[in-house]
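Worth knowing before you read on, the calculation uses all heavy atoms, side chains too, and leaves out hydrogens, waters and symmetry mates. Quantities reported herein were computed from a predicted structural model and do not represent experimental measurements.
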Amino acid sequence: MILVDTNIIIDFWDKPTDIARKVFEENDIATCGVIKTELLRGSNSANQFEQMNEALADFNYLSFSENDWIELSKQFIILKQNGLVVPFQDAIIAFLAIKYNCVLWTNDKHFKLMQAVLPNLKLFCAKQ
């Protein structure tokens with residue numbers, strides 16, 4: 001399963017490529033609350049909000065449990081001990097990718113930095 005970050009989805013909606021289309025069509029795609037919220041808050045109308053929400057409903061949804069907040073805190077400590085301070089939402093996305101054993105498709109540089117400290121974080125690269 002591929003957890004697709006906000007920036008990849010926005011790029012695909014703005015300028016779909018054949019490569020990205022193929023990845024979306026041939027793989028199980030996942031999202032999570034953070035990514036969904038980041039996308040929906042960018043809508044410009046109620047109609048656009050509904051269209052985006054409908055499109056996202058086709059993806060698998062990765063949820064967060066109460067105990068996950070404790071484990072996420074431990075992940076933050078590991079990152080901090082290694083000199084990394086990353087945005088809260090990026091840490092949540094990385095945590096969920098690891099928890100659900102997904103590969104993460106993103107263009108965000110924070111994830112490559114986190115991967116050096118969190119070896120279970122797998123990053124996806126679409127073949128160009």
Side-chain angles (χ1 to χ4, degrees):
M1 187 172 329
I2 301 172
L3 176 56
V4 182
D5 197 10
T6 308
N7 54 54
I8 299 295
I9 296 172
I10 289 171
D11 289 349
F12 181 72
W13 283 344
D14 288 346
K15 287 178 99 176
T17 65
D18 290 338
I19 293 165
R21 182 177 280 102
K22 186 174 181 175
V23 172
F24 278 101
E25 289 174 354
E26 295 181 0
N27 294 277
D28 288 330
I29 303 297
T31 191
C32 65
V34 170
I35 294 167
K36 193 171 187 176
T37 300
E38 286 179 335
L39 290 165
L40 292 174
R41 76 176 186 169
S43 61
N44 296 319
S45 67
N47 186 43
Q48 186 182 44
F49 182 95
E50 286 307 317
Q51 288 176 342
M52 292 167 70
N53 196 31
E54 248 181 67
L56 294 170
D58 289 337
F59 298 160
N60 295 292
Y61 184 79
L62 308 182
S63 61
F64 226 72
S65 70
E66 184 175 347
N67 193 52
D68 287 340
W69 294 107
I70 302 208
E71 295 305 313
L72 176 63
S73 299
K74 292 176 185 177
Q75 178 181 286
F76 269 112
I77 291 168
I78 292 167
L79 292 170
K80 185 169 69 171
Q81 288 171 339
N82 285 276
L84 287 178
V85 177
V86 298
F88 193 79
Q89 64 272 19
D90 290 351
I92 291 173
I93 293 166
F95 176 85
L96 288 170
I98 294 167
K99 174 184 175 179
Y100 287 95
N101 197 30
C102 295
V103 291
L104 175 61
W105 187 12
T106 184
N107 291 328
D108 189 320
K109 64 182 180 179
H110 292 116
F111 294 100
K112 192 72 170 161
L113 296 171
M114 283 189 277
Q115 187 181 42
V117 176
L118 306 170
N120 290 334
L121 178 60
K122 297 175 282 192
L123 302 179
F124 179 80
C125 180
K127 304 277 190 263
Q128 296 298 326

(Q) Quick one, Leu104 with Gln115, criterion side-chain contact (heavy atoms from CB on, under 4.5 Å). Give me CA distance, side-chain angles, the key distance, then yes/no. (A) CA-CA 11 Å; Leu104 175 61; Gln115 187 181 42; over 6 Å; no

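- Under the 4.5 Å side-chain criterion, counting only non-hydrogen atoms from C-beta, Thr106 is not in contact with Lys112.
- Atom OG1 of Thr6 sits about 10.5 Å away from atom CG of Asp11, to the nearest 0.5 Å.
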Do any side-chain atoms of residues 16-35 form donor-acceptor pairs under 3.5 angstrom with protein atoms, and if so which ones, sequence neighbours left out?
residue, atom, partner, partner atom, Å
Thr17, OG1, Ala20, N, 3.1
Asn27, ND2, Val23, O, 2.9

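- Distance CD1/Ile92 to NZ/Lys99: 12.0 Å, rounded to 0.5 Å.
- Contact annotation: the side chain of Asn60 never approaches that of Tyr100 to less than 4.5 Å [non-hydrogen atoms, C-beta and beyond].
- Between the CZ atom of Phe124 and the CD1 atom of Ile2 there is a distance of 4.0 Å, given to the nearest 0.5 Å.
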Q. Can you check side-chain contact (heavy atoms from CB on, under 4.5 Å) on Phe59 and Val4, steps first, answer last?
A. CA-CA 10 Å; Phe59 298 160; Val4 182; 5.8 Å; no

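- Scanning both residues, Leu121 and Phe111, for their nearest heavy atoms gives CD2-O, 3.6 Å.
- Placement of Tyr61 and Ile98 in two distinct hydrophobic clusters is found when ILVMFWY residues are connected by side-chain heavy-atom separations under 4.5 Å, directly or transitively.
- The two atoms that bring Ser63 and Asp68 nearest to each other are O-OD2, 4.1 Å, heavy atoms only.
- In this structure, Ser43 contributes its side chain and Leu39 its backbone to no donor-acceptor pair below 3.5 Å.
- With rounding to the nearest 0.5 Å, the separation of CD in Gln81 from CG in Leu79 is 9.5 Å.
- One hydrophobic cluster, built from ILVMFWY side chains closer than 4.5 Å, holds both Val86 and Phe88.
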Q: List the steps and the verdict of side-chain contact (heavy atoms from CB on, under 4.5 Å) for Leu62 and Met1.
A: CA-CA 11 Å; Leu62 308 182; Met1 187 172 329; 4.3 Å; yes

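- A donor-acceptor pair under 3.5 Å is formed between the side chain of Asp108 and the backbone N or O of His110.
- Using a distance-only test at 3.5 Å, with no hydrogens or angles considered, a donor-acceptor pair links the side chain of Asn7 to the main chain of Asn107.
- Under the rule for a side chain to side chain contact (heavy atoms under 4.5 Å, CB included), the partners of Leu40 that lie at least two apart in sequence or sit in another chain are Lys36, Phe49, Met52, Asn53, Leu56.
- To the nearest 0.5 Å, atom CE of residue Met114 and atom CZ of residue Phe95 are 13.0 Å apart.
- For the atom pair Leu123 CG and Leu3 CG, the distance stands at 10.5 Å (nearest 0.5 Å).
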